[in-house]
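These notes concern the structure reproduced below.
Convention: sequence-line order gives letters A, B, ...; per-chain numbering from 1.
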Amino acid sequence: MPSHDLPASAPLLQHLNAEQLAAVTLPAGHALILAGAGSGKTRVLTTRIAWLLQTGQAAPGGILAVTFTNKAAKEMSARLSAMLPLNLRGMWIGTFHGLCNRLLRAHHRLVGLPATFQILDMQDQLSAIKRLCKQYGVDEERYPPKQLASFINAHKEDGKRPRDIPMRDPDTQKKIELYQLYEQQCQREGVVDFAELLLRCHELLRDNDPVRAHYQRRFAHILVDEFQDTNRLQYAWLKQLAGDTVEGRLMAPGSVIAVGDDDQSIYAFRGARVGNMQDFVREFGVRQVIKLEQNYRSYSNILDCANALIEHNQGRLGKNLRTQQGPGEPVRVREAPTDLAEAQWLVEEIQNLVQTGEAARSQIAVLYRSNAQSRVIESALFSAGLPYRVYGGLRFFERAEIKHALAYLRLLENPQDDTSFLRVVNFPARGIGARTLEQLQDLARAAGGSLHAAVGSVPGKAGANLAAFVALIDQLRQDTQQAHLGQIIAKTLQASGLQAHYRSDKDGADRLENLDELVNAAESFVTQEGFGRDAVALPLDEQRSAPRLTQSPASQGLDSALPLAAPGLPIDQDTGETQSPLAAFLTHAALEAGDHQAQAGQDAVQLMTVHASKGLEFDCVFLGGLEEELFPHQNALADPSGLEEERRLMYVAITRARKRLYLSFSQSRMLHGQTRYPIRSRFIDELPEAALKWLTPPQGGFGSFQELNQFAINSIAASHRQTRGNSSFTPQKEVVASPPLPARKSQPEHGLRVGMAVFHNKFGEGRVLAIEGAGADARAHIQFPRHGSKWLALAVAKLTQVE
DNA sequence: AACACGTCGGTTTTT
DNA sequence: CCGACGTGTT
């Protein structure tokens, strides 16, 4: 390895701009890199690592790079190995959960976990909680399992165990109790949920000085991707790894590089804390904040929109994207009369783009705020015969048949896993009914053991059936002792009766296929992991260098941890214990739910939520439904921080587009089976006119949010004047939303007049309060007794006069 | 044990 | 309007 060899590193640094170069070649120490959208963030991260290695400032074993998603981790690894002919295996590159899992496997004894501990995904966690609730006779109306799950997860992600939670009301106390019981249940069964992986790992580092010291020494270079999305616990975990805090100051000799963009923080709802960025600067004594503002993705009209929009947020770290590309096309804005018309227009526009060769289908994305919006768009695309692909939905390892198969496999590994036991004890059906299981659960609880252990105590026919199930599992375990992973799974599918069950099911063909795919996935997993069989992790002192050829392929996850057992370290002697291929595969299945198995449509229009689009880019982006209460979403409007997150979301959407951006909104929209008449999103009004091209008259219709807002202020003031002394006055939304009375009188082609009684299919009978506009833009303000007052577009609303 | 019916709720999502 | 889920029926 060349050391401090500038010529050698020169090609690596060749195509970097000044900001990027500065970030890549930062001297050791903590730094924050504010990386704007499309500014080459991943490139900087990977080049930084490559540069550290190439210049001999770091050995592979000294590097820890952490991301949120497996996708990001894989991309980083891929780009790194393309850059350097180096062995990546000593490096710790992975997700927070993946890395924590690795640490916990290596030190499972220290944290009191069995070597075979299994990971619960969200579904598993929820069913474990439901089971717990039934067991303890919890009123599921009062304490919905879903709510309990989020209570538990939120506290774990805040670093809190049951005893750390202050109990205010009896309700909270009950939840704390259940959290504690849930913990005990998990512990007894040898399972951990996602949040537990992080918390347990955090506690491992916190409570074991030599372990912590060891990793602190080892990971001299820590790099964090998407730092704005870290939660409290992840940040605390990073701090543990970075160094000890003495009198409030972090004594960290190493280097933590946090890369993120506060303007793209869109996951507060799941615990992300942008505040970690400011905290990081303060607590790590960061002196270097580097901004990557040069954008390599979009034309300037698009960036102008992004910059102007995000400018409306308060308390930003401050950043302005710039580009050397020209203005490009203007950003198109269009108002549609209905959501259906919006979708049809969008499809026509897409067809144009494709036919003129402007863009490939796969380079066109349709983004929306909520999944429900995809329905109309999908049907329009479908009728037009345009191939499309919808992101999201079930992933491979989340499919029911796969989860069933995995449950059998988990029982082979860990018979105590009651969640898995219950999932498959009677699937396929074995005549073990709910009554029997209730009985079994009672017995198990009384004995304080697992269901598996209690099977023998169930009398009669039911007991015999249960015993047969247990015998099946035990037999299977025995029969597969010497088998390869693929064989184990194939045998399990057969012996469990799963295969037979789906074969006899008239529409079980897909599921059968998926089960076959599971065998394939396992085989390719083994092959892939096998590459790591002779991997050596080089500790910083490079004392160990001998390949550990004796390890089983699947122990790859451990091998980097092994050399850490430096002399004097109270690390389990058994970290040399290899994980079986099966155990490794089960972990893999839990931590990586697999690809969204969408249609393999090669060249298809891409449909997804704005959230799902983060990190992606497309030549052409359509963003529909830009309406108040949809985007920004109603539920986010309650507090200013919610609105700001919506704005960041809009910012993310805008910055996905390379060449063309289309924004649209509709005068009416079907939602939850009700037609709504929204007004256009305030976000549209926050964009610079100069960068826009309105495809429909901008002032047509209801006017902007600002206008309504201004009117609201006036009208509330007016109402207050009028209703002075009337304490019961509350500004109703409908009142607030009424525009001023029309100054001009229009020709009433629609035949409506103020004061008239009308009938509407949905809202029933109502009275016309006001009419505004003419022709296609005509709207009436109508008071309905049941639904309050509504502004209806007369071109759209079906109204009939009532005598 | 499979099916039918009624109720309820309904942003965003990764691990 | 539409899907998930839970309860009740055959």
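The salt bridge (charged side-chain N to carboxylate O under 4.0 Å, His left out) pairs that include a residue from residues 123-133 of chain A are A:D124-A:K403, A:D124-A:R410, A:R131-A:E189, where partners are two or more places apart or lie in different chains. Applying the salt bridge (charged side-chain N to carboxylate O under 4.0 Å, His left out) definition to pairs two or more places apart or across chains, those involving residues 632-657 of chain A are A:R369-A:E646, A:E645-A:R648, A:R647-A:E686.
The nearest whole Å value for the distance from the CZ atom in A:R369 to the P atom in B:dG10 is 15 Å. In this structure, A:L637 atom CG and B:dT11 atom C1' are separated by 12 Å, rounded to whole Å. Between A:L616 atom CG and B:dT12 atom P there is a gap of 17 Å when expressed in whole angstrom units. Between A:M122 atom CE and B:dT15 atom P the separation is 11 Å, expressed in whole Å. As a whole-Å value, the separation of A:R273 CZ from B:dT14 C1' is 20 Å.
Contact annotation for A:F269: base contact, defined as any heavy-atom pair under 4.0 Å involving a base atom.
For DNA chain C, the contact window with chain A, defined by any atom under 4.0 Å from a protein heavy atom, covers C:dC1 to C:dG6 in 5' to 3' order.
Take A:F427 and apply the ring-ring contact (aromatic ring centres under 6.0 Å, His included) test, not counting sequence neighbours, and it matches A:H404, A:H501. Listed by chain and residue number, A:F469 satisfy the ring-ring contact (aromatic ring centres under 6.0 Å, His included) test with A:F421 (two or more places apart in sequence, or in another chain).
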Reading 5' to 3' and counting Watson-Crick or G-U wobble pairs with both distances under 3.5 Å, write the dot-bracket notation for DNA chain C, | for bases paired outside the strand.
||||||||||
